[in-house]
Amino acid sequence: MAGTSLLERLVSIYHDDPLRYPGLRAVTLAQWMLESGRGTSGLATAHYNLAGMKWRSEMAPYATKVLYPAHDGPDYYCKFATLENFIAGYWAFLNRSPYSGWEEHTGNPEDFIGFIGKTYSGSESYAAKVLALLPEAEALLRAAAAAPADDAPAPAAADGALDLGTLVIDPGHGGTQPLPGSSPNNAISVSGVKEKKLTLDFALLLKSALERQAHGAGETLRVVLTRSSDVNVAGRDRAQRAFTTGARAFLSLHFNGNASPTPSGVETYLRAQENGNINYAEDLAFAQAVQAGLLSGLRSVAPGTKDRGVKPDTQTQHPGGLAVLSDINLGNTTSGRRCVAALAEIEFITNPAVDARLVSGPDALENRAAVMESLATALRRYLHP
């Protein structure tokens, strides 16, 4: 795979989103494809606004306001911090007076887009243009639903390709209910974005960067996510994905928070020796590679980023050990396979400057991509035999 596009990342989230009207999933995806040029417009790539939504004060719970030079002149549009926020924001956008009554037109895609289309675009032909993309949108959703299970056997490496094996990326938190070893959410950014949404977005960006880089370098790399939607997964089950997929490495992504707005910087954790780490030296080397990749990427967008170092998990709020770093949960044994593991706290999203840089500012998505590109390079370098 050459890399996951923005549209494919959106589909991966949207295909199992718990919509109130699931029969409208494909037609709304088709509308977003039309509005965003299949996820390639500047408004989509820079601000996750795939529906061309202009700013309205009612959108404040989902988006921030950004001045954007559209084809009909500059205007204020919605900027979404995550694709999950975009999806929720789109449905909130319809719950405004210009679209009153749309819920009476949810019986089929034609009725729905026919009702909202003229108001949305001002064009009599808008609904027809959206419906022309409906078969393609349906195919994308079917493909996402039918994707091979992550614990299925890895495909054989292409002839001549350097096989880097399998890497599991774990977007921290998720869902609404606490599970053993995993809370639904911890930190919340200055602009109000939950850590769980940012971890998924960064994980999807990292997966895309890894696949694209590996493809360009003639390598085979299988990237597995522990979750691809807003669900929580127990810490043990997250780590066990490394065992069921035969992964060489496991990386859990998180963001820090603090009651004070001052702290900042990146830090990476590994299983402490006193917590029974049976491959401490290997884990340390992996954690150092993760820390170096993140630090380099973060300093490319903020040269003063603080290096908080590599630390044992005894220095977390769980001194007895983090479930996602447990050798038992990872399936590691003293005489058998070993999977290295680390947990990265990418930055403090409770710091206003960090929030502006990585969450809510006009260059946030570009900055995220740069950080994940750097981390992807470091991970591939580490996985090279």
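Note that the structure is predicted; figures quoted are calculated from it, not measured.
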A.B. asks: What I want to check is whether the side chains of Asn186 and Ser183 have a donor and an acceptor closer together than 3.5 Å.
C.D. replies: yes

A.B. asks: Leu295 versus Lys306: any side-chain heavy-atom pair under 4.5 Å?
C.D. replies: no

A.B. asks: Would you give the length of the straight line joining atom CD1 of Ile169 to atom CZ of Arg227, rounded to the nearest 0.5 angstrom?
C.D. replies: 12.5 Å

A.B. asks: Would you mind checking if Glu138 and Arg25 are paired as a salt bridge, meaning a charged N to carboxylate O distance below 4.0 Å?
C.D. replies: no

A.B. asks: Is there a donor-acceptor pair closer than 3.5 Å between any side-chain N or O of Gln291 and the backbone N or O of Thr268?
C.D. replies: yes

A.B. asks: Assess the side chains of Lys79 and Asn49: does a donor N or O sit below 3.5 Å from an acceptor N or O?
C.D. replies: no

A.B. asks: Of all the heavy-atom pairs spanning Asn351 and Pro261, show the shortest one and how long it is.
C.D. replies: ND2-O, 3.2 Å

A.B. asks: Linking I/L/V/M/F/W/Y whenever their side-chain heavy atoms sit closer than 4.5 Å, directly or via other members, would Leu330 and Leu284 fall into one cluster?
C.D. replies: no

A.B. asks: Cation over ring, Arg96 on Phe93, under 6.0 Å and within 45°?
C.D. replies: yes

A.B. asks: Give a yes or no answer on whether the side chain of Asn279 reaches the backbone of Glu282 with a donor-acceptor pair at less than 3.5 Å.
C.D. replies: no

A.B. asks: Whether Asp75 and Lys54 form a salt bridge (side-chain N of Lys/Arg under 4.0 Å from carboxylate O of Asp/Glu) is what I want to check.
C.D. replies: yes

A.B. asks: How far apart are the closest heavy atoms of Leu131 and Pro135, and which atoms are they?
C.D. replies: O-CD, 3.6 Å

A.B. asks: To the nearest 0.5 angstrom, please state how far the CZ atom of Phe115 sits from the CG atom of Leu94.
C.D. replies: 10.0 Å

A.B. asks: So, Glu35 side chain and Leu50 main chain: donor-acceptor pair closer than 3.5 Å or not?
C.D. replies: no

A.B. asks: Can you establish whether the number of heavy atoms outside Phe202 located under 6.0 Å from its atom CZ is more than 12?
C.D. replies: yes

A.B. asks: Looking just at side-chain N and O atoms, do Ser326 and Arg236 make a donor-acceptor pair shorter than 3.5 Å?
C.D. replies: no

A.B. asks: Are Gln177 and Asn232 linked by a side-chain donor-acceptor pair shorter than 3.5 Å?
C.D. replies: no

A.B. asks: Tell me the closest heavy-atom pair linking Asp307 and Gly309, and the distance in Å.
C.D. replies: OD1-N, 2.9 Å

A.B. asks: CG of Leu167 to CZ of Phe250: how many Å apart, nearest 0.5 Å?
C.D. replies: 10.0 Å

A.B. asks: Decide side chain to side chain contact (heavy atoms under 4.5 Å, CB included) for Arg38 and Ser36; before the verdict, give the C-alpha distance in whole Å, the side-chain angles of both, and the deciding distance to 0.1 Å.
C.D. replies: CA-CA 5 Å; Arg38 293 181 174 83; Ser36 68; 5.5 Å; no

A.B. asks: Indicate whether any N or O donor in one side chain lies under 3.5 Å from an N or O acceptor in the other, for Ser252 and Tyr269.
C.D. replies: no

A.B. asks: Taking atom OH of Tyr280 as the centre, does the number of heavy atoms from other residues, nucleotides or ligands within less than 6.0 Å exceed 12?
C.D. replies: yes

A.B. asks: With sequence neighbours left out, what residues match Lys311 under salt bridge (charged side-chain N to carboxylate O under 4.0 Å, His left out)?
C.D. replies: Glu267

A.B. asks: What is the distance from atom CZ of Arg241 to atom OG1 of Thr245, rounded to the nearest 0.5 Å?
C.D. replies: 7.5 Å

A.B. asks: Is there a side-chain contact between Leu358 and Leu298 in this structure, where contact means two heavy atoms from C-beta onward sitting under 4.5 Å apart?
C.D. replies: yes

A.B. asks: Do Thr350 side-chain atoms and Asn258 backbone N/O form a donor-acceptor pair below 3.5 Å?
C.D. replies: yes

A.B. asks: Using a distance-only test with no angle check, is there a side-chain donor-acceptor pair under 3.5 angstrom linking Gln213 and Glu373?
C.D. replies: yes

A.B. asks: Of all the heavy-atom pairs spanning Pro61 and Glu58, show the shortest one and how long it is.
C.D. replies: CD-O, 3.3 Å

A.B. asks: Checking side chain to side chain donor-acceptor pair (under 3.5 Å) for the pair Tyr90/Gln31: CA distance, chi angles, key distance, verdict?
C.D. replies: CA-CA 11 Å; Tyr90 170 82; Gln31 183 187 13; 2.5 Å; yes

A.B. asks: Could you tell me if the side chain of Thr166 sits less than 4.5 Å from the side chain of Val224, heavy atoms only?
C.D. replies: yes

A.B. asks: Between Glu345 and Arg308 (salt bridge meaning N to carboxylate O under 4.0 Å), is one present in this structure?
C.D. replies: no

A.B. asks: Asn185 and His173: side-chain donor and acceptor closer than 3.5 Å?
C.D. replies: no

A.B. asks: State which residue, out of Asp283, Asp327, Asn277, fulfils the side chain to side chain donor-acceptor pair (under 3.5 Å) condition with Asn332.
C.D. replies: Asp327

A.B. asks: Less than 6.0 Å separating the ring centroids of Phe286 and Tyr382?
C.D. replies: yes

A.B. asks: Can you check side chain to side chain contact (heavy atoms under 4.5 Å, CB included) on Val193 and Ile349, steps first, answer last?
C.D. replies: CA-CA 9 Å; Val193 181; Ile349 54 176; over 6 Å; no

A.B. asks: With side chains defined as the heavy atoms from C-beta onward, is the minimum distance between Ser189 and Ser360 less than 4.5 Å?
C.D. replies: no

A.B. asks: Pick from Phe86, Tyr99, Trp102: which one makes a ring pair (Phe, Tyr, Trp, His ring centres under 6.0 Å) with Trp91?
C.D. replies: Trp102

A.B. asks: Using the side chain to side chain contact (heavy atoms under 4.5 Å, CB included) rule, take Asp313 and Leu343 through it: C-alpha gap first, then chi angles, then the decisive distance, then the call.
C.D. replies: CA-CA 9 Å; Asp313 61 357; Leu343 183 149; over 6 Å; no

A.B. asks: Tell me whether Ser296 contacts the main-chain N or O of Gly293 through its side chain, where contact means a donor paired with an acceptor under 3.5 Å.
C.D. replies: no

A.B. asks: With no hydrogens and no angle check, just 3.5 Å: does a side-chain donor-acceptor pair link Ser191 and Asp355?
C.D. replies: yes

A.B. asks: Do Tyr62 and Phe80 make a side-chain contact, defined as non-hydrogen atoms from C-beta onward lying under 4.5 Å apart?
C.D. replies: yes

A.B. asks: Decide if atom CZ of Arg338 counts as having more than 12 heavy atoms of other residues, nucleotides or ligands within a radius under 6.0 Å.
C.D. replies: yes

A.B. asks: Which pair of non-hydrogen atoms, one from Ala26 and one from Leu141, has the smallest distance, and what is that distance?
C.D. replies: CA-CD1, 3.6 Å

A.B. asks: Quick one: do the Ser228 and Arg9 side chains pair a donor with an acceptor below 3.5 Å?
C.D. replies: no

A.B. asks: For the CD1 atom of Ile346 and the CG atom of Asn256, what is their distance to the nearest 0.5 Å?
C.D. replies: 10.5 Å

A.B. asks: For the pair Asp230 (side chain) and Gly175 (backbone), establish whether a donor and an acceptor sit closer than 3.5 Å, ignoring hydrogens and angles.
C.D. replies: yes

A.B. asks: Look at the side chain of Ser182 and the backbone N and O of Leu179, then say whether any donor-acceptor pair between them is shorter than 3.5 Å.
C.D. replies: no

A.B. asks: How about Glu84 and Tyr14: does a side-chain donor come under 3.5 Å of a side-chain acceptor?
C.D. replies: no

A.B. asks: Using the side chain to side chain contact (heavy atoms under 4.5 Å, CB included) rule, take Leu270 and Val310 through it: C-alpha gap first, then chi angles, then the decisive distance, then the call.
C.D. replies: CA-CA 8 Å; Leu270 74 155; Val310 172; 3.6 Å; yes

A.B. asks: Find the distance between OG1 (Thr82) and CG (Leu200) and round it off to the nearest 0.5 Å.
C.D. replies: 8.0 Å

A.B. asks: Of all heavy-atom pairs between Arg368 and Val359, which one has the smallest distance, and what is that distance?
C.D. replies: NH2-O, 3.3 Å

A.B. asks: Do Leu379 and Leu221 touch side chain to side chain, with heavy atoms closer than 4.5 Å?
C.D. replies: no

A.B. asks: Going by atom types only, do Ser123 and Ser121 share a side-chain donor-acceptor pair under 3.5 Å?
C.D. replies: no

A.B. asks: Compare all side-chain heavy atoms of Trp32 with those of Leu7 and state whether any distance is below 4.5 angstrom.
C.D. replies: no

A.B. asks: Taking the side chain as everything from C-beta on, heavy atoms only, tell me whether Tyr48 gets closer than 4.5 Å to Leu10.
C.D. replies: no

A.B. asks: So does Val168 get a backbone contact from the side chain of Arg222, meaning a donor-acceptor N/O pair under 3.5 Å?
C.D. replies: no

A.B. asks: How about Leu134: does its CG atom have over 12 heavy atoms from other parts shown lying under 6.0 Å from it?
C.D. replies: yes

